Novice: 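One structure, as structure tokens, below. Some questions next.
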Amino acid sequence: MENKKSKGRQKIPMKKIEKQDNLYASFSKRRTSLYKKASDLVFECDVDIGMIFFSPTGNPFSFFHPNVDAVISRFQNLNMEPSESTLLVAAHNREKVNELKSRLEELDTIEDIEIAKKQSYDEVIEARQKGWWESIEQLNADKVSTFEAWLETFVFNMQNRLNQLEIGASSSDLGFNV
């Protein structure tokens, strides 16, 4: 069989997207990535940034950090030092972003824990559906001892309940109400 060589990665020429639906979908995806890139720049490089762009339908979108006034005043007067109020607003905004990021990390951790719990519950349900006799071979010595103790407790409780029912049945035969 002859080795067929592929063309490999091909460069896609840059051209305007003609179909309206494809244009809207592409804009939405790229807008999200632009916001993410701008957010990364702010977080990693501690910079002020401002973006304004319009969707194909004419809707405006923007991203400013720390706020619109600070970015515009810096743009208008490049050599001007930011005022104290602007610095305070920027510090407050950065603190708020850090708080939200830490909260997001906490929620991600909680989500990971809940996913692990769900997987554990799914495994328990699967084991119940299989039956104990099919999954008992997978138990180690400690788990077998625990399972044995559980079975003994179960048998003891069942025997007690059976005795209660027998006593109740025999006393009702004699006319006693228990």
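What you see is a predicted model, and the numbers here were worked out from it, not measured in a lab.
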Novice: Who passes salt bridge (charged side-chain N to carboxylate O under 4.0 Å, His left out) against Glu95, sequence neighbours left out?
Specialist: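 Glu95: no salt bridge (charged side-chain N to carboxylate O under 4.0 Å, His left out) contacts found.
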Novice: Side-chain heavy atoms under 4.5 Å apart, restricted to Ile/Leu/Val/Met/Phe/Trp/Tyr: what other residues fall into the cluster of Val71, or is it alone?
Specialist: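 When side chains under 4.5 Å apart are linked, the cluster holding Val71 also contains Ile52, Phe54, Phe64, Val68, Ile72.
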Novice: Going by side-chain contact (heavy atoms from CB on, under 4.5 Å), name the residues that satisfy it together with Leu100, two or more places apart in sequence or in a different chain.
Specialist: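 By the side-chain contact (heavy atoms from CB on, under 4.5 Å) rule, Leu100 matches Lys96.
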Novice: With sequence neighbours left out, what residues match Lys36 under salt bridge (charged side-chain N to carboxylate O under 4.0 Å, His left out)?
Specialist: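 Lys36 satisfies salt bridge (charged side-chain N to carboxylate O under 4.0 Å, His left out) with Asp40 once adjacent residues are dropped.
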Novice: Applying ring-ring contact (aromatic ring centres under 6.0 Å, His included), can you list everything that pairs with Phe156, at least two apart in sequence or on another chain?
Specialist: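 Checked Phe156 against ring-ring contact (aromatic ring centres under 6.0 Å, His included); zero matches.
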Novice: Side-chain heavy atoms under 4.5 Å apart, restricted to Ile/Leu/Val/Met/Phe/Trp/Tyr: what other residues fall into the cluster of Ile17, or is it alone?
Specialist: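 Members besides Ile17, by chain and number: Leu23.
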Novice: Which ILVMFWY residues can you reach from Phe63 by hopping between side chains whose heavy atoms are under 4.5 Å apart?
Specialist: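 Phe27, Leu34, Tyr35, Leu41, Val42, Val47, Ile49, Met51, Phe53, Phe61, listed by chain and number.
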Novice: Main chain of Ala116, side chain of Ser120: is a donor-acceptor contact present, judged purely on distance under 3.5 Å?
Specialist: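 It does not hold such a pair.
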Novice: Applying side chain to side chain donor-acceptor pair (under 3.5 Å) as the test, list every pair that has at least one member in residues 47-72; sequence neighbours left out.
Specialist: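 Checked against side chain to side chain donor-acceptor pair (under 3.5 Å) - neighbours excluded - the pairs reaching residues 47-72 are Asp48-Arg74, Asp48-Arg94, Ser55-Thr57, Thr57-Asn59.
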Novice: Report the hydrophobic cluster partners of Leu104, with the cluster defined as I, L, V, M, F, W, Y residues connected by side-chain heavy atoms closer than 4.5 angstrom, directly or transitively.
Specialist: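 Besides Leu104, the hydrophobic cluster comprises nothing; the residue is isolated.
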Novice: With sequence neighbours left out, what residues match Lys16 under salt bridge (charged side-chain N to carboxylate O under 4.0 Å, His left out)?
Specialist: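 Listed in chain order: nothing, the list is empty.
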Novice: Can you run down the salt bridge (Lys or Arg N to Asp or Glu O under 4.0 Å) pairs that involve residues 99-111, sequence neighbours left out, and say none if there aren't any?
Specialist: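 Found Arg103-Glu106.
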Novice: My understanding is that only residues two or more places apart in sequence, or in another chain, count here; which of them pass salt bridge (charged side-chain N to carboxylate O under 4.0 Å, His left out) with Lys117?
Specialist: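 Lys117 satisfies salt bridge (charged side-chain N to carboxylate O under 4.0 Å, His left out) with Glu114 once adjacent residues are dropped.
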Novice: Could you check whether atom CG of Asp21 has more than 12 heavy atoms from other residues, nucleotides or ligands sitting under 6.0 Å from it?
Specialist: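 12 or below, so no.
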Novice: Less than 4.5 Å apart, side chain to side chain, heavy atoms only: is that true for Ser26 and Arg30?
Specialist: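 Ser26 vs Arg30: side chains touch.
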